[in-house]
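First up is the structure itself, then whatever we jot down about it.
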Amino acid sequence: MDKELLNNKNYTDKLSEYIISSNGVIDFIDILEKKISSNNLKSDVKSLVYEAGSIPNLELARIKIDVTGEWKNVVFFLKLLENYPLKISIENVSFKKFSEYKIGSKDVPQWVGSLEFTVLKYKETE
């Protein structure tokens with residue numbers, strides 16, 4: 001029985017690494033914004049909404065964010081998000097080319113990536 005309890009605790013601890021703490025969403029968004037700026041992108045968090053989940057003590061944080069920059073950087077950020085070590089579900093993605101500028105004789109198109117995703121978080125305890 002002790003072995004089973006220890007195994008269960010190990011699984012629970014491992015699972016909790018994929019869930020944001022009850023007050024950790026702002027820290028998570030700060031991390032995302034740092035990753036965005038380090039990849040020569042600009043960001044605009046459009047919304048953050050909490051939704052009830054089907055699991056007690058957990059909820060979903062639904063985040064809508066726009067990132068703007070070169071195509072390769074926008075796509076690279078999407079890959080970072082997909083591989084981030086949390087339970088993130090990407091719900092909607094759209095891309096739109098909105099302008100170009102010149103560097104020397106080279107045209108550099110600018111893209112907007114609009115992303116909507118959810119991340120699992122612990123509910124705040126009252």
Side-chain angles (χ1 to χ4, degrees):
M1 180 75 149
D2 288 338
K3 184 179 176 184
E4 290 300 319
L5 288 173
L6 181 60
N7 282 341
N8 189 39
K9 181 178 178 350
N10 289 340
Y11 292 137
T12 302
D13 291 346
K14 193 68 173 164
L15 180 62
S16 69
E17 294 174 9
Y18 294 96
I19 302 170
I20 293 179
S21 67
S22 61
N23 57 359
V25 173
I26 300 304
D27 292 336
F28 171 68
I29 290 175
D30 285 344
I31 290 167
L32 284 183
E33 288 180 335
K34 286 176 185 169
K35 289 188 178 298
I36 289 167
S37 67
S38 69
N39 285 296
N40 297 318
L41 295 169
K42 295 179 184 173
S43 66
D44 183 16
V45 177
K46 298 293 188 180
S47 66
L48 168 61
V49 178
Y50 298 111
E51 296 178 358
S54 59
I55 302 170
N57 299 324
L58 296 177
E59 63 186 349
L60 297 173
R62 181 173 300 280
I63 302 168
K64 291 183 182 179
I65 189 169
D66 286 352
V67 293
T68 306
E70 289 185 57
W71 174 254
K72 65 181 180 177
N73 298 343
V74 172
V75 171
F76 182 71
F77 174 71
L78 178 58
K79 289 178 184 179
L80 283 176
L81 189 62
E82 289 175 325
N83 293 304
Y84 198 84
L86 286 174
K87 173 58 177 130
I88 297 175
S89 296
I90 298 174
E91 307 292 329
N92 192 8
V93 177
S94 65
F95 301 106
K96 180 180 176 184
K97 181 178 160 186
F98 78 95
S99 71
E100 285 190 22
Y101 64 91
K102 285 193 179 280
I103 296 180
S105 62
K106 182 180 175 186
D107 290 333
V108 181
Q110 294 294 290
W111 290 79
V112 174
S114 298
L115 303 119
E116 181 178 343
F117 59 94
T118 58
V119 61
L120 199 55
K121 73 175 274 303
Y122 287 104
K123 286 183 183 178
E124 291 186 29
T125 55
E126 298 171 16

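Keep in mind that this is a model prediction, so the values were computed, not measured.
Shown here are the side chain to side chain contact (heavy atoms under 4.5 Å, CB included) partners of Ser37, two or more places apart in sequence or in another chain: there are none. Among residues two or more places apart in sequence or in another chain, the ring-ring contact (aromatic ring centres under 6.0 Å, His included) test is passed with Phe28 by Tyr84. Scored by the side chain to side chain contact (heavy atoms under 4.5 Å, CB included) test, Val93 finds Leu78, Ile90, Phe95, Leu115 as partners (sequence neighbours excluded). Checked against side chain to side chain donor-acceptor pair (under 3.5 Å), Asn73 has no partners two or more places apart in sequence or in another chain. Partners of Lys121 by side chain to side chain donor-acceptor pair (under 3.5 Å), not counting sequence neighbours, listed by chain and number: Glu59. Partners of Ser89 under the side chain to side chain contact (heavy atoms under 4.5 Å, CB included) rule, at least two apart in sequence or in another chain, are Lys87, Glu91, Thr118. In this structure, Phe76 has no ring-ring contact (aromatic ring centres under 6.0 Å, His included) partners at least two apart in sequence or on a different chain. Partners of Lys97 under the salt bridge (charged side-chain N to carboxylate O under 4.0 Å, His left out) rule, at least two apart in sequence or in another chain, are Glu100.
Within a 6.0 Å radius of NZ in Lys123, other residues, nucleotides and ligands contribute more than 12 heavy atoms. More than 12 heavy-atom neighbours from other residues, nucleotides or ligands sit within 6.0 angstrom of CG on Asn83.
With hydrophobic clusters built from ILVMFWY side chains whose heavy atoms lie under 4.5 angstrom apart, Ile31 shares a cluster with Ile88.
Here salt bridge (charged side-chain N to carboxylate O under 4.0 Å, His left out) pairs that include residues 20-37, with residues two or more places apart or in two chains, number zero. Among pairs with a residue in residues 74-85, none fulfils salt bridge (charged side-chain N to carboxylate O under 4.0 Å, His left out), at least two apart in sequence or across chains.
Note: Thr68 OG1 to Ile36 CD1 = 9.5 Å, rounded to the nearest 0.5 Å. Atom CD1 in Ile65 sits 12.5 Å away from atom CD in Glu116 (nearest 0.5 Å). Going from atom CG of Leu58 over to atom OH of Tyr122 covers 6.0 Å, rounded to the nearest 0.5 Å. Separating the CG atom in Leu32 from the CD1 atom in Ile29 is a distance of 7.0 Å, to the nearest 0.5 Å. Atom CH2 of Trp111 sits about 12.0 Å away from atom CD of Glu70, to the nearest 0.5 Å. Annotation: the span from Leu60 atom CG to Ser54 atom OG amounts to 8.0 Å, rounded to 0.5 Å.
With a 4.5 Å cut-off on side-chain heavy atoms, Leu41 and Val74 count as touching. Within the 4.5 Å cutoff, no side-chain heavy atoms of Val67 are placed close to those of Asn39.
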Between side-chain atoms of residues 43-53 and protein atoms elsewhere (two or more places apart, or another chain), which donor-acceptor pairs fall under 3.5 Å?
unit_1, atom_1, unit_2, atom_2, d
Asp44, OD2, Lys46, NZ, 2.8
Glu51, OE1, Arg62, NH2, 3.3
Glu51, OE2, Arg62, NE, 2.7

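Clustering of Ile, Leu, Val, Met, Phe, Trp and Tyr by side-chain heavy atoms under 4.5 Å joins Val112 with Phe98.
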